[in-house]
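To keep things clear, I will list the structure first and then write my remarks on it.
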Protein chains: 2
Amino acid sequence: MAKRPDNGAPANARAPRRSPGMVDVARLAGVSHMTVSRVINDQPTVSQVTRQRVLAAMSELGYRPNVAARALVTGRTRTLGVISVDTTLYGPASMLLAIERAAREVDYSVSIASLPSLERRTLRDAFDALASQAVEGIIAITPHVAATAALRHVPKDVPVVAVEGGKGPLPTVAVDQYLGASEATRHLLSLGHRSVGHIAGPSDWYEAQERERGWRDVLVAEGRAVPEVVRGDWSPRSGYAAAKQLLEKKTKVTALFVANDQMAIGALRALGEAGISVPRQMSLVGFDDIPEAEFFSPPLTTLRQEFSDVGRRSLELLLEQVEGAPRTRRRLVIPPQFVIRDSTSAPE
Amino acid sequence: MAKRPDNGAPANARAPRRSPGMVDVARLAGVSHMTVSRVINDQPTVSQVTRQRVLAAMSELGYRPNVAARALVTGRTRTLGVISVDTTLYGPASMLLAIERAAREVDYSVSIASLPSLERRTLRDAFDALASQAVEGIIAITPHVAATAALRHVPKDVPVVAVEGGKGPLPTVAVDQYLGASEATRHLLSLGHRSVGHIAGPSDWYEAQERERGWRDVLVAEGRAVPEVVRGDWSPRSGYAAAKQLLEKKTKVTALFVANDQMAIGALRALGEAGISVPRQMSLVGFDDIPEAEFFSPPLTTLRQEFSDVGRRSLELLLEQVEGAPRTRRRLVIPPQFVIRDSTSAPE
DNA sequence: TGTAGGGCTGTTCACGTTAACAGGCATGCT
DNA sequence: AGCATGCCTGTTAACGTGAACAGCCCTACA
């Protein structure tokens, strides 16, 4: 791209010696390059003495197998890709971490591609970036319904596992958001609250939809009023704004189910500013159990998602496809864990 | 590794057709594979008509360049590696995200390797994992002093940039922790506090050391008493424990500089439980400005680190090395930004 | 008209590895 | 002794791409 002269520079300090290859090792060990290959790949048909000699030569030369050459001939890269939304969020970050750890354990490396926004175009870009690297499989942490939908229109020549995606044709790992939301709502009702308000996540997120649905269904089933939903974008700031907005409404409520912990801390702040005491005047339940939740004021009742579990499971599912059976259409659902702390109580 | 029969299965539904290569495109377009190569690499010496024909053939066949073959012949992989500690923390996660975005923009892909613990052995493993993939450069987000030290003993054939590492032989990008800590401490003193307590981070973290040093130096310079430090591990829980421990000590203090925001929320909780009002009876300053900090009760005065900036800069530094000059020994220091909110005030 | 030169295209080779097959050399059996 | 067998090792041929060089044709100029 950049035009350089590239000719008038005789000072070729670029590559004084290129890195040693199998032939170099072979020469030093007095064997053929093929024997070196066999040693590297742990094939049993090499005598102990030869193996030792080769090993010695390898370490003397600081030999490293050339992955490109290997990939070229085997057609396998032992690389996996992870597509993820904003990896700054606690959930995606934890999953990514777990995936990488588990992958390295079985000798796969992990490439990442983040998703700046939620357009379909963007998912394609991320997918292509990964596919161009010849990853052998992709885990898509794409909680937007739009993104999950876009996943269906993606080339089928590379295995994909969706995490937290809606129901689709792909193997999926997800936490049971609906169940968690139901539990939260039922818990609040059982404490004696007449109804429960809801600060929801962005409407195009699968998780937000499910949590809202779980909440709504319980209220309806129990014959309670269903207050109007206020919506945030998962950020503490939006939770703050949502709670403020909620307080201005006529519909008074004594309990609030907030779709994630970050918004909950914003809500907590807004409630504090309005002089409303939690849980005395308002009960609050969050979702996620981020490490901070236990130390909110008051400590937050919430639903714990085992993100690292989700990450590990999604990798398992992916490897199944990469190494084995052609198409699994499994959907793995992991229940969240209800953690009761001090932000919920009976109404005054 | 796994022994399969692999012979008695005539149903070879494995690879009905292998993916098309340059020769296939070339044949379809009626040119040589070399012309296809030229089109792909945007070389100007291809006529418009030919180029169009090749392009058409490529898209008809769904051709994707084979990165392995390309890497084999060029010796370049256009892959970068990021080694990072616990990417669940807000800082590392933000940097990783910024790095990936910036890298993709210039057509590099990013592989990750996490660091389970802080032993030197582990850093070597991570480094090796990346090096075996033939990454062209590595960004090491390794705030442990031990890890940074270990970085020195790493093969020199691949460019490395250290992020938040101590002073060493490597190019480095870091936030000025010392400056931030000084500012925080001076701010508290200027409000009228006699001295300032400190909840420090783990002693083997470079950032923790610098923040402690900045705090201590200001106290000493101003001739104030230097209270004993209590140490946490960055987690909210440890901040909670540290604050509790601090309250039991005889040395009473009216202001506290906490080494990060997560510990600050733990401390806030402990203070709350002890009936100590912030900022009336105790002023508090954190570090990082995580998104939640603004919504603590009360909103936290803290030092903002522009993590995405750090990430972007470190990538620039790395690319300089990868693509250009042989050895930069630059150290880029970014000042943090002091954000005053409601957790600090004059003492009662 | 001859020829130099530029624009465009093709041929050949090398990159470092694994797959497939071909031995060589003992050993053990008939 | 002859031959099969098993263990170990080597030879050769891909894999798909880019670098280097060679050559074609057409134009411009002497």
Side-chain angles (χ1 to χ4, degrees), chain A residues 1 4 6-7 12 14-15 17-55 57-58 61-78 131-134, chain B residues 1 4 6-7 12 14-15 17-55 57-58 61-78 131-134:
Chain A
M1 309 287 167
R4 335 171 176 165
D6 205 31
N7 42 12
N12 57 342
R14 193 67 60 96
R17 56 166 196 270
R18 74 180 203 304
S19 61
M22 274 189 179
V23 285
D24 303 298
V25 176
R27 187 164 27 236
L28 181 60
V31 296
S32 77
H33 79 277
M34 205 47 224
T35 299
V36 178
S37 171
R38 283 190 261 259
V39 169
I40 289 171
N41 295 312
D42 260 340
Q43 292 186 20
T45 72
V46 179
S47 77
Q48 273 307 317
V49 274
T50 312
R51 180 182 306 270
Q52 290 311 325
R53 240 179 336 152
V54 170
L55 254 17
M58 279 174 38
L61 262 47
Y63 169 76
R64 276 231 175 79
N66 181 319
V67 280
R70 175 179 292 176
L72 179 58
V73 69
T74 61
R76 302 205 43 188
T77 56
R78 290 199 85 79
S132 306
Q133 287 175 66
Chain B
M1 311 289 168
R4 333 172 176 163
D6 207 31
N7 42 12
N12 59 342
R14 191 68 59 95
R17 58 169 194 270
R18 75 182 200 305
S19 61
M22 274 188 178
V23 285
D24 303 296
V25 176
R27 188 167 25 238
L28 181 60
V31 297
S32 76
H33 84 275
M34 206 46 226
T35 300
V36 177
S37 171
R38 283 190 261 259
V39 169
I40 289 171
N41 295 312
D42 261 340
Q43 292 185 21
T45 72
V46 179
S47 76
Q48 272 307 318
V49 273
T50 311
R51 180 182 305 272
Q52 291 309 327
R53 237 177 341 149
V54 170
L55 255 17
M58 277 174 39
L61 261 47
Y63 170 76
R64 276 230 175 81
N66 181 320
V67 280
R70 175 179 291 175
L72 181 58
V73 70
T74 61
R76 302 204 44 188
T77 56
R78 290 200 84 80
S132 305
Q133 287 175 67

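Within every chain, numbering begins at 1; the chains are lettered A, B, ... in the order of the sequence lines, protein sequences first and strands thereafter.
Here C:dA20 is the nucleotide among C:dT9, D:dA19, C:dA20 with the atom lying nearest to any side-chain atom of A:M34. Here C:dC15 is the nucleotide among C:dT9, C:dC15, C:dT17 with the atom lying nearest to any side-chain atom of B:L72. Side-chain atoms of B:V73 lie closest to D:dT17 of the nucleotides D:dA19, C:dG16, D:dT17.
Taking for each of A:R51 and B:V36 the nucleotide of DNA chain D with the nearest heavy atom, the 5'-most of the two is the partner of A:R51. Each of B:Q48 and B:A69 has a nearest nucleotide on DNA chain C; the 5'-most of these lies closest to B:Q48.
For the pair B:V67 and B:T77, the minimum side-chain heavy-atom distance is 4.5 Å or more.
Within the 4.0 angstrom heavy-atom criterion, only backbone atoms of the sugar-phosphate kind lie near B:M22; the bases stay farther away. Across all strands, A:V31 comes closer than 4.0 Å only to sugar-phosphate atoms, never to a base (heavy-atom distances).
Remark: the A:H33 side chain and the C:dT18 base include a donor-acceptor N/O pair separated by less than 3.5 Å. For B:R38 and C:dG10, a side-chain-to-base donor-acceptor distance below 3.5 Å is present, hydrogens and geometry of angles not being considered.
The CE atom of B:M22 lies 13.0 Å from the CG atom of B:L61; values are rounded to the nearest 0.5 Å. With rounding to the nearest 0.5 angstrom, the CG atom of B:L28 is 10.0 Å from the CZ atom of B:R53. Between the CG atom in B:L72 and the CZ atom in A:R70 there is a gap of 13.0 Å [rounded to 0.5 Å].
Under 4.0 angstrom from either OP1 or OP2 of D:dC8 there lies no side-chain N or O belonging to A:S47. Taking 4.0 angstrom as the limit, B:T35 places a side-chain polar atom (N or O) nearer than this to OP1 or OP2 of C:dG10. At the phosphate of C:dC15, neither OP1 nor OP2 sits under 4.0 Å from any side-chain N or O atom of A:N66. OP1 or OP2 of D:dA19 has not a single side-chain nitrogen or oxygen of B:T74 nearer than 4.0 Å.
The separation between A:R53 atom CZ and D:dT9 atom C1' is 11 Å, rounded to whole Å. Rounded to an integer number of Å, the gap from B:R70 CZ to D:dA19 C1' is 14 Å.
Checked by atom type and distance alone, the side chain of B:D24 pairs as donor or acceptor with a backbone atom of B:G21 at under 3.5 Å.
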